[in-house]
Colleague: 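Take this structure first; my questions come after.
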Amino acid sequence: MKKKFIVPVALSSVILVGSIPLSGVFAKPIDSKVVSSVQVAKKWNEKASVPFFVKDRFTEKFSSSTSSNALNYLKKNEDKTGIKHPDKNLKVKSTEKDKLGMTHVRFNQTINGLNVEGSEVIVHFNKNNEVVSVNGRINQTIDDGTVDTTASLSSDDALKTALTSVNAPDELTYEPTSELVVYPFEGENHTAYKVNVNFMGDEPGNWFVYVDAKTGEVIDKYNGIMDFDEFKPQNGVGKGVHGAHRDLHISQVKEPKSGTKFALADLAHENLGGIFTFDSKNDTNTKNDTLYVGNSAAFIGDYDRAAVDAHYNSEKVYEYYLKEHGRNSLDGKGMAINSYVHYDKNYNNAFWNGAWMTYGDGDGEFFISLSAGLDVAAHEMTHGVISHTANLVYRNQPGALNESFTDVFGALVDDKDWEIGEEIMAPAAKANGVTRLRSMSDPNSVVVSNAQRAAYGSGVYPAHMKEYYNMPQSVDNGGVHVNSSITNHAAYLIGQEIGRKKLGQIYYRAISVYLTPNSNFSDARKAIVQSAIDLYGEGSAEEAAANSGFDAVGIY
Ligand SMILES: [Ca+2]
Ligand SMILES: [Ca+2]
Ligand SMILES: [Zn+2]
């Protein structure tokens, strides 16, 4: 069986918005002797993840917007989309209706029933059940059906290899998962076990390890812990968080021996599993963690402050997504929102580990308690939203987009400014002129304080593609917290034209409807422009603002 995926170059009834991968114009110069093999590998890598965005001018009407009709469309229009034998090579992942009445059917590319990592196709129906567009990324190297998808290694052996390769501790956050997939990596489609290993401890990990199912070797791995940004702890004493009064939803807990207590457990929201705040007790051991409990309904002690802010800000972010986007919690299905405060000692970071939020107290020199920042909470919780929507891979450009969308929603929920982290800077940092961690309005005004990262660019956060930091994956997962400033700045510029409310609508639509795990900056532009068109019309001021925002930062 031949399996071909070809993206059309030009077709009569189709406008091809973009099918050319981002070129390597930003690559560093390489030794001429290795150029040819590098170019071959690069070409293969590009072919293994080809972006496409096909808009159909002559729409086809169906009786309903179902996944089977989406497949019927793809079967009838192989020539238009270039996706051959969609019934064999695609598997339905999700079907979602949005508030415009459009329905979006997301497919995984498969071979012999195995998911091809990162390759997704989305078919978009308008409210009249007509297919109006198809977009995504397709692996075009699988055109001769030669991928042998049988495994000689057992899933258990792959798991053992993965655990060893990431130095996993005995205690894991949840049972590791293992899935046989086709993993395109550096010139080859590997049949591999994708193993997810999640743990807390000194170096928290949400590792994705790809173990070759033939040879048992680790092909690739990365840590998907999505953090705010990393600063190495120094010695210092944590100060209290700002003393703002907070009205909280809490719960009474009756304990047999100690009588009535009060817990940071918010069960006041319909169809939500609750908002809970836990105490990590200033260490990295999770065994002693407990729900945050007090003797009275007033949480006014110094130690309470970080917990109060985490609890309060979680509810704020929950309400933003519900009211603005009709989204019920991070997964859209009312999953409980859990936050852990007082993680480790002097810990200068906050992160989403794939299941919950964790906040450090800061070292008191650079940061104070990270839960004090509403933009930080919105940032972390948006990582959770993205995990359940576009699921952008946390490295290189998809990872920088992940970091950028989280900052954008940070600035939409914490709508006082376009700065990120201004509420969590310690007095000493502010005294040294470090008044925020990142700036969407003026990225260049903030110094990249991590010297290892700064070495790959001008030393300040980039505001344009010509200032792009070419970083290896070993440094900041390929620059996820640095290059995010380029797309952050585009969002700021668009926001200046159309305001926060519309910006939020457009950006939410882009992550929930159009973006896929391997989307790059150029895909993001297309997704955002198309979202503006869907919401405000072709030729609208909002579409123009989206285009000019990306023009201004050099993303095409
Ligand atoms: Ca603990
Ligand atoms: Ca802010
Ligand atoms: Zn982040």
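Below, each value reflects all heavy atoms present in this structure, side chains not excepted, and no hydrogens, waters or symmetry copies. Atoms within each ligand, like the ligands themselves, are counted from 1 in listed order.
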Colleague: Taking both backbone and side-chain atoms into account, decide whether Glu423 has an N/O/S atom under 3.0 Å from the Ca ion (ligand 2).
Modeller: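 Given the 3.0 Å cut-off, Glu423 does not count as a ligand of the Ca ion (ligand 2).
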Colleague: Is Lys416 salt-bridged to Glu423, going by a charged N under 4.0 Å from an acidic O?
Modeller: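 A salt bridge links Lys416 with Glu423.
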Colleague: If I take the Ca ion (ligand 1) as the centre, what angle separates the OD1 atom of Asp283 from the O atom of Asn285? Nearest 10 degrees is fine.
Modeller: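 Nearest ten degrees: 90°.
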Colleague: Quick one: angle Asp289 OD1 - the Ca ion (ligand 1) - Asn288 OD1, to the nearest 10°?
Modeller: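 Between OD1 of Asp289 and OD1 of Asn288, the angle at the Ca ion (ligand 1) is about 90°.
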Colleague: Nearest N/O/S atom of Asp375 with respect to the Ca ion (ligand 2), by atom name, please.
Modeller: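 Restricting Asp375 to its N, O and S atoms, the minimum distance to the Ca ion (ligand 2) goes to OD2.
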Colleague: What is the name of the N/O/S atom of Glu403 that is nearest to the Zn ion (ligand 3)?
Modeller: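 Nearest N/O/S atom: OE2.
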Colleague: Is any N, O or S atom of Ser280 under 3.0 Å away from the Ca ion (ligand 1)?
Modeller: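 So Ser280 does bind the Ca ion (ligand 1) by this criterion.
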Colleague: Is the distance from the Zn ion (ligand 3) to some N, O or S atom of His481 under 2.8 Å?
Modeller: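 Within the cut-off used here (under 2.8 Å), His481 places no N, O or S atom near the Zn ion (ligand 3).
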Colleague: Between the Zn ion (ligand 3) and Asp227, which N, O or S atom of the residue is the nearest one?
Modeller: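 This turns out to be O.
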Colleague: How are the rings of Tyr318 and His269 set to each other: parallel, tilted or perpendicular (split at 30° and 60°)?
Modeller: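 Judged by the thresholds at 30° and 60°, the geometry between Tyr318 and His269 is perpendicular.
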Colleague: I'd like the atom name of the N/O/S atom in Glu419 lying closest to the Ca ion (ligand 2).
Modeller: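 Among the N, O or S atoms of Glu419, the one closest to the Ca ion (ligand 2) is O.
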Colleague: Is the ring centre of Phe208 less than 6.0 Å from the ring centre of Tyr394?
Modeller: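 So the answer is no for these two rings.
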Colleague: Establish, yes or no, whether the cationic atom of Arg436 lies under 6.0 Å from the six-membered ring centre of Trp418 and within 45° of the ring axis.
Modeller: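 Pair Arg436/Trp418 does not count as cation-pi.
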Colleague: Report, rounded to 10°, the angle at the Ca ion (ligand 2) between the two atoms OD2 (Asp414) and OD1 (Asp417).
Modeller: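 Rounding to the nearest 10 degrees gives 120°.
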Colleague: Return yes if some donor-acceptor pair links the side-chain N/O of Ser404 with the main-chain N/O of Leu401 below 3.5 Å, else return no.
Modeller: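 No: the side chain of Ser404 does not pair with the backbone of Leu401.
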Colleague: Under 30°, 30 to 60°, or over 60°: which ring-plane class applies to Tyr347 and Tyr343, parallel, tilted or perpendicular?
Modeller: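 Correct class here is perpendicular.
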Colleague: Would you call the rings of Phe367 and Phe228 parallel, tilted or perpendicular if under 30° counts as parallel and over 60° as perpendicular?
Modeller: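 Answer is tilted, since the angle falls between 30° and 60°.
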